[in-house]
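Notes to accompany the following structure.
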Amino acid sequence: MTPEELSLAISACLKDAVAAGEIGLSASAVPDEVRVERPKNREHGDWATNIALQLSKQAGTNPREFATVLSTRLKTIDGVSAVDIAGPGFLNITVDAGAAGALAKAIVEAGPEYGRNSALAGHVVNMEFVSANPTGPLHIGHTRWAALGDAIARVLRASGAEVTAEYYINDAGTQMNTFAQSVYNRLHGLPVPDGGYPGQYIADLGHDVLTAHPDIRELTEVAAIPVIRAAAYEAQMKDIQATLADFGVEFDVFFSEQELHDAGAIESAVARLREQGHVFDDGGAVWLRTTDFGDDKDRVMIRANGEPTYFAADAAYYLSKKDRGFTEKIYLLGADHHGYIHRLKAIAAAAGDDPEVNIEVLIGQLVSVNGAKLSKRAGNIIELKDLIDWLGKDAVRYSLARFPADSPLTLDPDLLKKHSNENPVFYVQYAHARTRGAARNAVAAGVDRSVFEASLLDHATENELLSYLGSYPSIVAKAAELREPHRVARHLEVIAGAYHRWYDACRIAPMGDEPVTDVNRTRLWLNDATSQVLANGLHLLGVSAPERM
């Protein structure tokens with residue numbers, strides 16, 4: 001019995017009790033699915049629900065009376081061996097061995113779909129992350145959001161949300177002019193301009209510009225700068241996209257800030273927000289009255305000289321997301337962007353949205369890597385591509401995904417290179433590789449999955465392993481709800497530990513000349529179910545599930 005099946009069964013019992021007049025609720029008040037969780041103490045049963053506490057007040061009764069009525073019906077469900085009422089009205093449910101073991105077959109048959117759920121069905125989400133300036137290579141400051149942002153997008157999709165991963169290209173403004181000037185100066189053997197970009201990568205971009213425009217040095221500076229700006233920008237974006245691809249991160253949309261300006265979106269945004277009554281003029285400038293929505297001060301949109309501010313572009317970009325049909329906009333920003341939270345929420349409110357529903361701003365803390373070296377190309381940064389070459393995509397991605405975004409993090413390269421249980425990514429990947437090796441050995445010994453007898457999975461380690469496999473879908477749903485993919489990583493480590501204990505206690509293949517039995521065949525199902533869950537979870541983190549290690 002899967003947690004989802006039990007959840008639906010509890011809901012059906014509730015509806016029957018309401019229809020019979022045993023519980024004073026309207027039929028519409030009964031949820032289609034009832035949340036079930038693992039009790040903290042496994043001696044209290046296999047699953048627990050607090051539905052009686054949630055609905056008893058509405059039903060006009062106390063939680064224990066509500067739970068008593070519901071428990072009577074729950075005991076009649078096939079596969080439920082016991083139902084106990086604990087505390088103020090918690091229901092602890094124990095399933096029989098056959099019902100528990102049946103989960104192994106259900107997981108194998110579900111395959112990659114196991115763990116996917118509908119908790120966020122109907123949510124249409126735009127998630128913006130990384131969004132590094134296209135003036136240089138991706139560096140360690142972008143690494144955490146690349147890994148976490150992609151993992152969050154994956155768990156949201158696995159929970160039924162429709163997600164568009166978006167990269168906002170800051171390709172407008174003075175930094176792009178400085179970028180072009182830096183490449184121009186390098187092409188002509190001139191010093192780096194004030195505030196310009198140093199590093200070998202600027203020379204490399206100059207070479208790319210020369211390849212695309214062999215006569216660029218013959219142009220005047222005024223004529224050359226726009227050409228260099230466009231060509232160097234294109235080459236740098238290709239480098240960024242290639243690095244992201246090497247890191248296993250995919251974006252659905254690369255959105256250009258410059259296109260906002262070119263399309264008149266800034267002026268349109270000011271006009272729309274003025275119609276809403278939130279724009280005012282003062283001192284020759286155009287302002288948005290963000291203090292009406294909790295910001296610490298009003299924000300300038302158009303300076304007195306007629307130039308739009310970055311804030312105006314932020315407003316136009318938010319309205320673009322709204323116009324494209326995204327009811328929820330998630331922004332993933334770095335540790336130095338705390339001040340953006342109120343102003344972005346103020347934009348949402350001024351646009352007529354609910355800032356508590358339609359926009360979410362996640363702030364990530366800094367990450368560092370002991371012993372990391374500055375980039376030879378960029379000179380003053382630690383490049384993401386160097387981290388990938390040094391530590392490997394899987395080690396970096398898993399390590400970043402297994403901690404909450406708001407916790408400062410220092411990675412230990414010596415640990416990440418260890419092939420031991422101390423290294424979390426090795427621990428989980430090795431567990432998956434071990435499941436595949438066990439399956440190969442079992443098949444070589446003549447074991448197949450032609451028979452499945454759920455009741456044969458009755459060893460204590462099998463019950464433990466099945467319980468953690470059964471919890472996986474609810475872990476994924478919770479990770480999506482809270483935007484915390486580290487919950488998936490930590491649960492995979494728990495599954496890996498339970499698998500190793502089971503593997504040491506229960507043989508899958510027979511020993512020596514012993515005959516193949518239905519126990520062996522049924523255990524192969526459990527082995528393969530574990531393999532599937534580990535693979536599914538690693539995929540959500542953007543990490544590979546190796547066949548051999």
Side-chain angles (χ1 to χ4, degrees), residues 119-131 145 149-150 152-153 156-157 159-173 250-280 286-302 308-334 337-363 480-481 483:
L120 297 181
H123 290 248
V124 182
V125 181
N126 178 286
M127 195 169 73
E128 181 209 334
F129 59 104
V130 181
S131 298
W145 272 139
D150 187 62
I152 292 171
L156 288 174
R157 292 185 182 114
S159 294
E162 181 183 333
V163 181
T164 294
E166 188 154 307
Y167 185 117
Y168 184 56
I169 309 172
N170 299 107
D171 55 352
E250 296 182 1
F251 284 92
D252 302 299
V253 174
F254 283 87
F255 192 99
S256 166
E257 179 189 354
Q258 186 61 53
E259 291 181 8
L260 278 178
H261 290 267
D262 295 343
I266 309 295
E267 295 80 3
S268 174
V270 172
R272 287 172 63 176
L273 295 174
R274 190 185 291 276
E275 288 176 4
Q276 296 272 20
H278 305 302
V279 170
F280 67 98
V286 179
W287 300 69
L288 185 66
R289 192 175 286 106
T290 55
T291 52
D292 287 349
F293 307 106
D295 200 4
D296 58 341
K297 62 181 179 180
D298 294 328
R299 304 285 172 178
V300 176
M301 299 190 77
I302 309 295
T309 62
Y310 284 119
F311 178 73
D314 289 339
Y317 184 39
Y318 182 88
L319 289 173
S320 166
K321 293 179 180 181
K322 180 180 173 73
D323 292 345
R324 284 183 280 148
F326 298 110
T327 53
E328 297 171 49
K329 302 92 174 167
I330 302 177
Y331 291 75
L332 279 60
L333 304 178
H337 285 70
H338 275 281
Y340 279 67
I341 297 176
H342 287 311
R343 70 188 72 170
L344 286 172
K345 285 184 172 288
I347 289 171
D353 282 347
D354 183 342
E356 300 306 314
V357 174
N358 301 115
I359 184 171
E360 183 177 356
V361 184
L362 304 178
I363 301 293
E481 176 193 346
R483 287 48 160 153

To the nearest 0.5 Å, tell me how far [X] [atom1] sits from [Y] [atom2].
X: Ile169; Y: Phe251; atom1: CD1; atom2: CZ; answer: 10.0 Å
X: Asp150; Y: Leu332; atom1: CG; atom2: CG; answer: 11.0 Å
X: Ile302; Y: Glu267; atom1: CD1; atom2: CD; answer: 6.5 Å
X: Lys345; Y: Tyr318; atom1: NZ; atom2: OH; answer: 9.0 Å
X: Leu362; Y: Met127; atom1: CG; atom2: CE; answer: 8.5 Å
X: Ile152; Y: Ile330; atom1: CD1; atom2: CD1; answer: 7.0 Å

Do [X] and [Y] come within less than 4.5 Å of each other through their side chains, counting heavy atoms only?
X: Ile363; Y: Val361; result: yes
X: Thr327; Y: His123; result: no
X: Trp287; Y: Met301; result: no
X: Phe280; Y: Leu288; result: no
X: Thr164; Y: Phe326; result: yes
X: Arg299; Y: Lys297; result: yes

Start with the C-alpha distance between Asp353 and Glu356, add both sets of side-chain angles, then the distance that settles side-chain contact (heavy atoms from CB on, under 4.5 Å), and finish with yes or no. CA-CA 9 Å; Asp353 282 347; Glu356 300 306 314; over 6 Å; no

Residues [X], [Y]: salt bridge by 4.0 Å N-O rule:
X: Glu360; Y: Arg483; value: yes
X: Asp323; Y: Arg272; value: yes
X: Asp295; Y: Arg289; value: no

Is the closest side-chain donor-acceptor distance between Glu166 and Tyr317 under 3.5 Å?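 A pair is found: one side chain offers a donor N or O, the other an acceptor, under 3.5 Å apart.
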
Side chains of Thr291 and Asp298: any donor to acceptor distance under 3.5 Å?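 Looking only at side-chain atoms, Thr291 and Asp298 do form a donor-acceptor pair, the distance falling under 3.5 Å.
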
Check against side-chain contact (heavy atoms from CB on, under 4.5 Å), Arg157 and Glu162: CA-CA 6 Å; Arg157 292 185 182 114; Glu162 181 183 333; over 6 Å; no

Does the cation-pi check pass for Arg343 over Tyr340, that is, NZ or CZ under 6.0 Å from the six-membered ring centre and within 45° of its axis?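 Yes, Arg343 and Tyr340 form such a contact.
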
Cation-pi check, Lys321 to Tyr331: give yes when NZ or CZ is under 6.0 Å from the six-membered ring centre and within 45° of the ring axis, no otherwise.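 Positive - Lys321 is close enough to the ring of Tyr331 and near enough to its axis.
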
Please name the pair of heavy atoms, one in [X] and one in [Y], separated by the smallest distance, quoted to 0.1 Å.
X: Tyr310; Y: Gly173; result: OH-CA, 4.5 Å
X: Gln276; Y: Gly352; result: NE2-N, 4.4 Å
X: Ala348; Y: Ile359; result: CB-CG2, 3.8 Å
X: Ala315; Y: Leu273; result: CB-CD1, 4.2 Å
X: Leu260; Y: Ala313; result: CD1-O, 3.9 Å
X: Ala269; Y: Ala316; result: CB-CA, 3.8 Å

Taking atom CD as the centre, does Glu481 end up with more than 12 heavy-atom neighbours from other residues, nucleotides or ligands that are less than 6.0 angstrom away?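 Buried by this count: over 12 neighbours within 6.0 Å.
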
[X] side chain vs [Y] backbone, donor-acceptor pair below 3.5 Å:
X: Ser256; Y: Asp171; value: no
X: Thr309; Y: Val300; value: yes
X: Asn358; Y: Asp354; value: yes
X: Trp145; Y: Leu333; value: yes

Working for ring-ring contact (aromatic ring centres under 6.0 Å, His included), residues Phe293 and His342: CA-CA 8 Å; Phe293 307 106; His342 287 311; over 10 Å; no

Given the rule in the side-chain contact (heavy atoms from CB on, under 4.5 Å) test, do Ser131 and Phe255 qualify, once you have shown the distances and angles that lead to the verdict? CA-CA 9 Å; Ser131 298; Phe255 192 99; over 6 Å; no

List the steps and the verdict of side-chain contact (heavy atoms from CB on, under 4.5 Å) for Leu156 and Leu120. CA-CA 7 Å; Leu156 288 174; Leu120 297 181; 3.5 Å; yes

